[in-house]
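Fair warning: this is a prediction, and the values are worked out from it, not measured in the lab. Letters A, B, ... are given to chains in the order of the sequence lines, protein chains preceding strands, and every chain is numbered from 1.
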Number of protein chains: 2
Amino acid sequence: MPSEIFRKDKTCCNFCLERSDIFACLKQDELSVIGENRSEIHFKAGELIFKQGTPAAHLLCLTKGMVKLYIEGFDNKNLIIGIVKPVEYILGPGIYVDSKHHYSAVAMEDSIACLVDANIFKTLIHSNPAFADEFIRKVSLLSISNFQQFISLTQKQMPGRIADVLLYLSGTIYESSTFTTALSRQDLADMSGMSKESAIRILKELKDEQIIAVEGNTFEILKRDSLEMISQTG
Amino acid sequence: MPSEIFRKDKTCCNFCLERSDIFACLKQDELSVIGENRSEIHFKAGELIFKQGTPAAHLLCLTKGMVKLYIEGFDNKNLIIGIVKPVEYILGPGIYVDSKHHYSAVAMEDSIACLVDANIFKTLIHSNPAFADEFIRKVSLLSISNFQQFISLTQKQMPGRIADVLLYLSGTIYESSTFTTALSRQDLADMSGMSKESAIRILKELKDEQIIAVEGNTFEILKRDSLEMISQTG
DNA sequence: TATATGGATTGATATTTGTCATTACCTTTG
DNA sequence: CAAAGGTAATGACAAATATCAATCCATATA
């Protein structure tokens with residue numbers, strides 16, 4: 001349960017406390033440790049939050065805005081592996097391996113994030129088994145969703161991949177059949193592993209077939225069934 | 001350090017103890033718990049060890065043979081996400097999420113594996129922070145290597161992908177520039193996300209260019225530099 | 001030995017997808 | 001207003017890749 005001091009302090013980690021399930025199992029004094037060792041950072045839309053290959057020593061908890069995570073590949077081609085929205089935290093796999101970032105993060109919109117030293121996080125995992133379980137559960141969920149994207153990108157043709165991206169954005173990220181996104185067409189292409197032109201073409205086809213409506217950066221899923229069918233048939 | 005009783009008992013978990021780094025941080029009594037609660041299973045080449053979608057409640061530690069892990073996609077197409085050799089353990093992400101397998105495992109050769117109840121594993125993670133760290137480290141490493149494969153499969157063309165598979169087999173799995181594998185051409189295709197025929201064609205090209213030698217299921221890397229170049233240039 | 005079986009190989013062809021060039025559109029800036 | 005810059009959209013074309021069919025080859029089986 002949230003303590004009084006956190007209720008009063010209407011910033012970052014307090015907010016996290018109320019939303020992100022992973023903090024639910026922390027005791028009051030453990031939350032205090034986090035609260036005392038965090039720094040809140042504001043990012044403007046488009047700003048780089050951290051870059052692949054640089055040293056990583058912090059857990060990042062997003063409290064406002066939206067962030068895209070992407071692996072930088074060859075020829076300046078990126079692969080977007082996920083979108084993060086409040087209140088969700090980002091803790092790359094490098095923390096336990098080589099203390100480096102293995103993907104980059106960019107603020108898609110003006111965003112606010114809290115940084116907590118990774119060592120504090122590790123200490124909590126040692127001292128609180130339930131917290132450790134929650135953390136491993138989180139990592140496992142991420143791994144499972146990676147598998148999904150893996151299959152989508154390697155075994156489906158372009159319409160199926162675009163369908164998956166649209167269903168992901170509508171279902172998981174914006175939680176609405178209509179959504180306006182800060183993602184560019186290039187970003188959608190980077191999520192579905194194709195060229196920008198191909199992404200545009202597939203979107204136009206879906207639009208022509210009245211399966212979706214597109215108006216600039218506003219999308220509406222008109223026939224979810226059809227989209228799911230396209231996702232299935234690859 | 002291995003205890004006397006484990007030294008005497010020359011089977012599964014004792015062997016694991018001597019090899020797999022994750023067990024190094026376990027205390028003697030903790031190892032005993034594992035030792036008392038394991039069952040050793042023999043698999044013939046080609047046998048299914050567990051199937052995607054079925055209930056998962058065990059940690060599997062491979063002590064002999066070789067196992068391929070693959071995601072079953074659409075149209076009977078598989079994506080091989082990794083090869084496991086002794087002494088390595090397999091603990092899918094489902095254990096902490098939905099207690100189901102999220103990929104299938106098949107014995108490539110005659111294999112022996114020990115099964116340990118996942119709950120025992122979870123208990124150890126609670127009681128032994130160093131073990132928890134090792135485990136999370138392992139999961140993180142897996143995640144990082146997933147990213148590598150992700151980029152390889154989505155951003156490289158066929159020669160680059162085949163090069164990556166050959167370098168993986170030579171470097172990580174067989175640890176030799178010459179190796180004979182139980183993997184079929186279809187398996188190599190399933191590792192690199194292409195059709196069997198395409199895989200065969202690329203292998204032939206590499207052979208024609210004297211970069212590798214192929215004789216049935218025996219491969220030899222003749223020019224590692226060239227192969228790495230092909231991997232880089234996609 | 002003859003015959004089946006399954007993987008490996010090859011060639012021809014069709015499909016998918018990327019690249020390149022051009023234009024349109026929209027916003028910002030001088 | 002005009003110019004500039006960026007994203008979006010479109011068409012023509014080229015490259016990458018899959019599919020299909022046929023053949024080869026080794027091994028198992030009758």
Side-chain angles (χ1 to χ4, degrees), chain A residues 44-46 68 73-80 106 108-109 152-166 180-208 212-219 230 233-234, chain B residues 44-46 68 73-80 106 108-109 152-166 180-208 212-219 230 233-234:
Chain A
K44 295 202 193 89
K68 62 178 176 185
F74 301 89
D75 301 322
N76 292 320
K77 278 196 291 187
N78 298 326
L79 176 68
I80 295 180
V106 158
M108 290 163 52
E109 313 166 351
S152 177
L153 291 183
T154 59
Q155 301 201 339
K156 294 184 186 180
Q157 295 188 343
M158 296 197 294
R161 282 182 266 155
I162 288 288
D164 284 341
V165 167
L166 291 172
T180 300
T181 181
L183 292 164
S184 68
R185 298 294 190 268
Q186 182 66 62
D187 287 330
L188 297 179
D190 288 344
M191 292 178 80
S192 48
M194 66 185 69
S195 71
K196 174 188 51 182
E197 291 91 335
S198 291
I200 289 169
R201 263 182 268 267
I202 304 292
L203 286 173
K204 181 180 159 56
E205 282 174 27
L206 293 174
K207 187 179 174 183
D208 288 347
I212 62 171
V214 185
E215 187 68 41
N217 284 331
T218 300
F219 295 80
I230 292 171
T233 56
Chain B
K44 295 200 193 90
K68 62 179 176 185
F74 301 90
D75 301 322
N76 292 322
K77 279 196 291 188
N78 298 325
L79 175 68
I80 295 180
V106 158
M108 290 163 51
E109 313 166 351
S152 176
L153 291 183
T154 58
Q155 300 200 340
K156 295 184 185 179
Q157 295 186 345
M158 296 195 297
R161 281 181 268 155
I162 288 287
D164 284 339
V165 166
L166 292 172
T180 300
T181 180
L183 292 164
S184 68
R185 297 295 190 268
Q186 182 66 60
D187 286 332
L188 297 179
D190 288 344
M191 291 178 81
S192 48
M194 66 185 68
S195 71
K196 174 189 50 182
E197 292 91 336
S198 291
I200 290 170
R201 264 182 266 267
I202 304 292
L203 286 173
K204 182 179 158 61
E205 282 175 29
L206 293 174
K207 188 179 174 184
D208 289 346
I212 61 172
V214 185
E215 187 68 41
N217 284 331
T218 300
F219 295 81
I230 291 171
T233 55

**Asked** Which heavy atom in A163(B) sits nearest to a heavy atom in I230(B), and how many Å separate them?
**Response** CB-CG2, 4.0 Å

**Request:** Give the intermediate values and the outcome of side-chain contact (heavy atoms from CB on, under 4.5 Å) for residues L203(B) and L166(B).
**Result:** CA-CA 10 Å; L203(B) 286 173; L166(B) 292 172; 4.2 Å; yes

**Prompt:** Near DNA chain D, under 4.0 Å by heavy atom, which residues of residues 187-195 of chain A?
**Reply:** none

**Asked** Less than 4.5 Å apart, any side-chain heavy atom of Q186(A) and any of N78(A)?
**Response** no

**Distance-minimising heavy-atom pair for I162(A) and S192(A)** = CD1-OG, 3.7 Å

**Request:** For the pair L188(B) and F219(B), evaluate side-chain contact (heavy atoms from CB on, under 4.5 Å) and give the outcome as yes or no after the intermediate values.
**Result:** CA-CA 12 Å; L188(B) 297 179; F219(B) 295 81; 3.8 Å; yes

**Prompt:** Going by the side-chain hydrogen bond (donor to acceptor under 3.5 Å, both in side chains) test, which pairs reach into residues 197-206 of chain B, not counting sequence neighbours?
**Reply:** S195(B)-S198(B)

**Request:** Under 4.0 Å from any heavy atom of chain B: name the first and the last nucleotide of DNA chain C that qualifies, 5' to 3'.
**Result:** dA8(C) to dA12(C)

**Asked** Can you check whether A182(A)'s main-chain N or O pairs, donor with acceptor, with E109(A)'s side chain at less than 3.5 Å?
**Response** no

**Message:** Between R185(B) (side chain only) and I200(B) (backbone N and O only), is there a donor and an acceptor less than 3.5 Å apart?
**Reply:** no

**Message:** Taking only side-chain N and O atoms of S184(A), does any of them lie within less than 4.0 angstrom of OP1 or OP2 on dT7(D)?
**Reply:** no

**Prompt:** Where along residues 152-164 of chain A does a heavy atom fall under 4.0 Å from DNA chain C?
**Reply:** Q157(A), M158(A), R161(A)

**Asked** In whole angstrom, what separates R201(A)'s CZ from dA9(D)'s C1'?
**Response** 9 Å

**K77(B) NZ - dT17(D) P separation (whole Å)** = 14 Å

**Prompt:** So do the side chains of L153(B) and L153(A) get within less than 4.5 Å of each other, counting heavy atoms only?
**Reply:** no

**Side chain to side chain, T154(B) and K77(A), heavy atoms closer than 4.5 Å** = no

**Request:** Identify the two heavy atoms, one from D164(A) and one from S152(A), that lie closest to each other, and give their separation to 0.1 Å.
**Result:** OD2-OG, 2.6 Å

**Request:** Tell me, please, which residues at least two apart from K68(A) pass side-chain hydrogen bond (donor to acceptor under 3.5 Å, both in side chains).
**Result:** D187(A)

Pairs under 3.5 Å (N/O, protein and nucleotides 21-25 of chain D):
none

**Prompt:** Taking atom C1' of dT27(D) as reference, at what distance in whole Å does atom CG of N217(B) sit?
**Reply:** 14 Å

**Message:** Measuring to OP1 and OP2 of dA9(D), would you say a side-chain N or O of R185(A) lies under 4.0 angstrom away?
**Reply:** yes

**Request:** For K196(A), report the nucleic acid contact type (base, sugar-phosphate, nothing); a contact means any heavy atom under 4.0 Å.
**Result:** nothing

**Asked** Do Q155(B) and D75(A) have side-chain heavy atoms sitting under 4.5 Å apart?
**Response** no

